[in-house]
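What you see below is based on every heavy atom in this structure, not just the backbone, and it leaves out hydrogens, waters and symmetry mates. Reminder, nothing fancy here: chain letters follow the sequence lines and each chain counts from 1.
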Amino acid sequence: AQSVTQLGSHVSVSEGALVLLRCNYSSSVPPYLFWYVQYPNQGLQLLLKYTTGATLVKGINGFEAEFKKSETSFHLTKPSAHMSDAAEYFCAVSANSGGYQKVTFGIGTKLQVIP
Amino acid sequence: DGGITQSPKYLFRKEGQNVTLSCEQNLNHDAMYWYRQDPGQGLRLIYYSQIVNDFQKGDIAEGYSVSREKKESFPLTVTSAQKNPTAFYLCASSPGQGLTEAFFGQGTRLTVV
């Protein structure tokens with residue numbers, strides 16, 4: 001079984017401030033981890049992913065995330081928030097389950113950027 | 001350009017009517033998925049298909065049906081048995097081999113009145 005917990009359904013930051021969106025996961029097998037971004041009334045777009053190797057992964061739009069196995073976490077960060085970062089962010093875990101790639105999404109975190 | 005196309009973007013139907021949502025991909029992906037999105041609940045898997053002519057129920061399949069007659073197409077029918085069909089529906093695909101990211105369509109917002 002696998003699950004994803006995103007702490008904080010709504011996060012507000014000031015423009016220029018650090019963005020930190022939290023994600024914890026559970027998985028019985030080594031997982032692949034993803035962060036997606038969704039703008040209103042649109043589909044999800046991949047921000048970044050962790051598969052194997054380097055635990056700090058960089059994505060698009062200046063975002064990065066660090067895989068910490070001991071903490072079962074994959075938090076998303078960006079040093080300086082921009083107004084265009086306002087969106088909903090989803091953490092996801094993917095693992096093999098009976099030969100099928102099972103993807104489980106968190107409930108999402110809405111990021112508000114205050115000017 | 002390769003991608004996933006969902007149509008229509010907005011759909012209105014009367015209660016009790018079946019409605020079919022279209023999903024087409026030209027990425028040559030084997031696996032396709034349908035998710036339902038409701039505020040505060042994230043994405044919930046309705047059905048998935050790993051190969052043509054084969055599909056499996058996801059976590060919330062009741063009241064929905066699918067077909068996979070072609071690799072490129074994975075239509076979703078919302079039947080009158082679905083108690084609360086108003087939602088945002090997302091179709092996705094992935095290569096199906098190994099663990100990879102999913103590619104999403106732009107979604108269809110279904111409103112049942």
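Within the 4.5 angstrom heavy-atom criterion, no atom of B/Ala92 approaches chain A. Proximity to chain A (any heavy atom under 4.5 Å) is shown, for B/Ile4, by neither the backbone nor the side chain.
At a heavy-atom cut-off of under 4.5 Å, chain A is reached by B/Tyr33, B/Tyr35, B/Gln37, B/Gly40, B/Gln41, B/Gly42, B/Leu43 from residues 32-44 of chain B, listed in order of number. Of residues 9-24 of chain B, those residues with a non-hydrogen atom less than 4.5 Å from any non-hydrogen atom of chain A are, in numerical order, B/Lys9, B/Tyr10. Proximity to chain B at a heavy-atom threshold of 4.5 Å picks out A/Glu88, A/Phe90 from residues 69-90 of chain A, in numerical order. Residues of residues 60-68 of chain A placed with any heavy atom under 4.5 Å of a heavy atom in chain B are absent; none qualify.
Open room surrounds NZ on A/Lys110; 12 or fewer heavy atoms of other groups in view lie less than 6.0 Å from it. Under a cut-off of 6.0 angstrom, the local environment of CD1 in B/Ile51 is sparse, with at most 12 non-hydrogen atoms contributed by other residues, nucleotides or ligands. For A/Arg22, the CZ atom is loosely surrounded, since the number of other residues' heavy atoms within 6.0 Å does not exceed 12.
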- Decide side chain to side chain contact (heavy atoms under 4.5 Å, CB included) for A/Leu44 and B/Gln106; before the verdict, give the C-alpha distance in whole Å, the side-chain angles of both, and the deciding distance to 0.1 Å. CA-CA 8 Å; A/Leu44 276 66; B/Gln106 293 298 293; over 6 Å; no
- Message: For a side chain to side chain contact (heavy atoms under 4.5 Å, CB included) check, start with the C-alpha distance between B/Phe88 and A/Gln38, then their side-chain angles and the critical distance, and finish with the verdict.
- Response: CA-CA 12 Å; B/Phe88 191 53; A/Gln38 183 183 34; 3.6 Å; yes
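Clustering ILVMFWY residues whenever any of their side-chain heavy atoms sit less than 4.5 angstrom apart, transitively, puts B/Tyr47 in a cluster other than the one holding B/Leu45. In the hydrophobic clustering of this structure, A/Val37 groups with A/Leu21; members are Ile, Leu, Val, Met, Phe, Trp, Tyr whose side-chain heavy atoms approach within less than 4.5 Å, directly or through other members. Residues A/Phe34 and A/Tyr50 are members of separate hydrophobic clusters, defined by side-chain heavy-atom contacts under 4.5 angstrom among Ile, Leu, Val, Met, Phe, Trp and Tyr. A single hydrophobic cluster is seen to contain both A/Val113 and A/Trp35, as judged by linkage of ILVMFWY side chains at heavy-atom distances under 4.5 Å, directly or through other members. Neither B/Phe104 nor B/Leu110 shares a network with the other; the hydrophobic side chains, linked directly or stepwise wherever heavy atoms of I, L, V, M, F, W or Y lie under 4.5 Å apart, form separate groups for each.
Using a 4.5 Å heavy-atom threshold, the side chains of B/Glu101 and A/Tyr36 count as touching.
For the set A/Leu46, A/Val103, A/Thr104, A/Asn41, the entry with the most heavy-atom pairs within less than 4.5 Å of chain B is A/Asn41.
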